[in-house]
There are 2 protein chains.
Amino acid sequence: MNSPRDGMWLDSSQQQAWRAYIMGTELLLSRLDRELREEHGISLSEYEILVRLSESADHRMRMALLADSLSHSRSRVTHTIARMERDGLVRRQAAAADGRGVEAVMTEAGYRRLVDAAPSHVRGVRQHLVDLATREDFAALGRVFDEVSDRLLEGLPAGTDIR
Amino acid sequence: MNSPRDGMWLDSSQQQAWRAYIMGTELLLSRLDRELREEHGISLSEYEILVRLSESADHRMRMALLADSLSHSRSRVTHTIARMERDGLVRRQAAAADGRGVEAVMTEAGYRRLVDAAPSHVRGVRQHLVDLATREDFAALGRVFDEVSDRLLEGLPAGTDIR
DNA sequence: CATCAGTAGTTGAGCCGTCAACAACCCGCC
DNA sequence: GGCGGGTTGTTGACGGCTCAACTACTGATG
């Protein structure tokens, strides 16, 4: 969509934006992860799983759907759910209609953990990202990464494991 | 659905942008990392280290400076440089002026690896990110993450280990 | 109704990062 | 000139993800 004369390299403002993005992202995500761990004993991925479950009917989801909705590999979701089950935030249950299937069900404790963690986590997201940007810039960020996700997911639609 | 008391939660467009960012970023970075590994046998962090070294006088840098310039922890840089040294991309050398210091020096093989990897890596960055956005949107992204980095780094200026 | 390609999920080895503890060194100060 | 607090870099245990191989089940097809 851009690139003057379709050069091979990034020009210096592109380069600068790219480096800011990589560094900022690493700082941001590791900070949010650390805050969740220290204050609530869960990782960012675990938090995201709790959010998906809380939005789902009956607080339950098939493993594959959970994986797809987070763009995580199935293996990753298996491992994460195993840890969360050990911590009592979730339990597994064989799927009714499919003998291969497993559903992850959020427990009462899992729900309470999410309710506890959400306010300070959201505050962190605001403080370290959202409130630093103008509405327009933040909207631009949304547009860009919608497009990024779409492109990176196309060609492996529905059911393909991430990789 | 949102904003009881204006300002605690994200509104739905902010929420959507935030989720796009997290998912897009995870997809993007893991894709770029995998491409570098498969095509050139180095990780994205190793690539970034090679870039910094190549930009530095005499292709050498103090460990702490390397860590700061990437916002990586010192421990992380130690481990990464150890792997790169095993692979012959870099060697360590005691710093002349400071008995505690260590310099990482890019080897000839390291430089060749970077030169080999750069074109396809940059192509990936363009294809999966830069060329998907308008110049304005991409510039917005740069502004946002400059600000993010600044805020997350302030209060621990120069010499504080990342954590 | 037996076969078999495809799908769901798990497993464990290996890699890469964090964390906390640590040794070695620097330097301002009395 | 030796204290003592700060800095540099390393270490190893641990956690979490990837990858490839695996089991178990499904469902279309002859």
Side-chain angles (χ1 to χ4, degrees), chain A residues 25-27 29-38 41-49 61-68 70-87 90 92-104 156-163, chain B residues 25-27 29-38 41-49 61-68 70-87 90 92-104 156-163:
Chain A
T25 288
E26 241 169 323
L27 286 169
L29 296 183
S30 63
R31 173 71 161 257
L32 292 173
D33 189 65
R34 193 150 27 82
E35 287 177 353
L36 277 172
R37 286 176 196 280
E38 289 175 355
I42 54 176
S43 68
L44 183 53
S45 322
E46 289 168 354
Y47 179 88
E48 290 178 306
I49 286 184
M61 254 195 254
R62 284 289 295 269
M63 298 294 279
L65 183 58
L66 211 37
D68 289 349
L70 293 162
S71 289
H72 288 178
S73 71
R74 289 171 186 210
S75 171
R76 178 174 177 179
V77 172
T78 294
H79 287 303
T80 308
I81 289 291
R83 287 190 301 273
M84 296 175 76
E85 188 169 34
R86 264 206 306 290
D87 297 346
V90 129
R92 290 160 188 281
Q93 193 178 299
D98 187 334
R100 299 162 299 181
V102 171
E103 288 182 333
L156 40 140
T160 319
D161 198 2
I162 302 299
R163 248 179 39 208
Chain B
T25 288
E26 241 169 322
L27 285 168
L29 296 182
S30 62
R31 174 71 162 257
L32 293 172
D33 188 65
R34 193 150 27 81
E35 287 175 353
L36 278 171
R37 286 176 196 281
E38 290 175 355
I42 53 175
S43 68
L44 183 53
S45 321
E46 288 169 355
Y47 179 88
E48 290 179 305
I49 286 184
M61 254 195 252
R62 285 289 296 268
M63 298 293 279
L65 183 58
L66 211 36
D68 289 350
L70 293 161
S71 289
H72 288 177
S73 72
R74 289 170 186 214
S75 170
R76 178 174 176 178
V77 171
T78 295
H79 287 304
T80 307
I81 289 291
R83 287 190 300 272
M84 296 175 77
E85 189 169 34
R86 262 207 314 290
D87 297 347
V90 130
R92 290 158 187 283
Q93 194 178 298
D98 187 334
R100 299 163 298 181
V102 171
E103 288 182 333
L156 39 141
T160 319
D161 198 3
I162 300 298
R163 249 180 39 210

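Predicted model, so just to flag it, every value in this text is computed and none were measured. Each chain gets a letter, A, B and so on, in the order the sequences are listed, and its residues count up from 1.
Taking atom CG of A:Leu66 as the reference point, atom P of C:dA8 lies 14 Å away to the nearest angstrom. Separating the CE atom of A:Met61 from the P atom of C:dG9 is a distance of 12 Å, rounded to the nearest angstrom. Going from atom CZ of B:Arg74 over to atom P of C:dT18 covers 14 Å, rounded to whole Å. Look at CD on A:Glu38: it is 8 Å from P on C:dA20, rounded to the nearest Å. For B:Arg34 and C:dC16, the CZ to P distance is 15 Å, given to the nearest whole Å. Rounded to whole Å, the distance from CG on B:Asp33 to P on C:dG17 is 8 Å. Per the geometry, CG belonging to B:Asp87 stands 11 Å off P belonging to C:dC15, to the nearest Å. Spacing between atom CD of B:Glu48 and atom C1' of C:dC16 amounts to 14 Å, rounded to whole angstrom units.
Between A:Arg100 and C:dT7 there is no side-chain polar atom (N or O) within less than 4.0 angstrom of OP1 or OP2. At least one side-chain nitrogen or oxygen of A:Ser73 sits closer than 4.0 Å to the OP1 or OP2 atom of D:dT18. The side chain of B:Arg62 contributes an N or O atom lying less than 4.0 Å from OP1 or OP2 of D:dG9. Not one side-chain nitrogen or oxygen of B:Arg92 sits closer than 4.0 Å to the OP1 or OP2 atom of D:dG9.
For A:Glu46 (side chain) and A:Thr80 (main-chain N/O), no donor-acceptor pair under 3.5 Å exists by modelled atom type. Not a single donor-acceptor pair under 3.5 Å links the side chain of A:Glu35 to the backbone N or O of A:Leu32. Judged purely by atom type and a 3.5 angstrom limit, B:Asp33 has no side-chain atom pairing as donor or acceptor with the backbone of B:Ser43.
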Could you write out each protein N or O paired with an N or O of nucleotides 14-16 of chain D at a distance under 3.5 Å?
unit_1 : atom_1 : unit_2  : atom_2 : d
D:dG16 : OP1    : A:Arg37 : NH1    : 3.0
D:dG16 : OP2    : A:Arg83 : NE     : 3.3

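If you take CD1 on A:Ile49 and CG on A:Leu66, they are separated by 5.0 Å, rounding to the nearest 0.5 Å.
Checked by distance alone, A:Ser75 brings a side-chain donor or acceptor within 3.5 Å of a matching partner on the base of C:dT11.
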Report the C-alpha separation of B:Arg76 and B:Ser45 in whole Å, then their side-chain angles, then the decisive distance to 0.1 Å, and conclude whether the side chain to side chain donor-acceptor pair (under 3.5 Å) test is met. CA-CA 10 Å; B:Arg76 178 174 176 178; B:Ser45 321; 3.1 Å; yes
After noting the C-alpha distance and the side-chain angles of B:Arg92 and B:Glu103, does the key distance pass the salt bridge (charged side-chain N to carboxylate O under 4.0 Å, His left out) rule? CA-CA 6 Å; B:Arg92 290 158 187 283; B:Glu103 288 182 333; over 6 Å; no
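In terms of position along DNA chain D, the nucleotide closest to A:His72 lies nearer the 5' end than the nucleotide closest to the other residue of the pair A:His72 and A:Asp98. Between A:Val102 and A:Ser30, it is A:Val102 whose nearest contact on DNA chain C lies nearer the 5' terminus.
Of all heavy-atom pairs spanning B:Ala104 and B:Met63, the tightest one is CB-SD, 4.3 Å.
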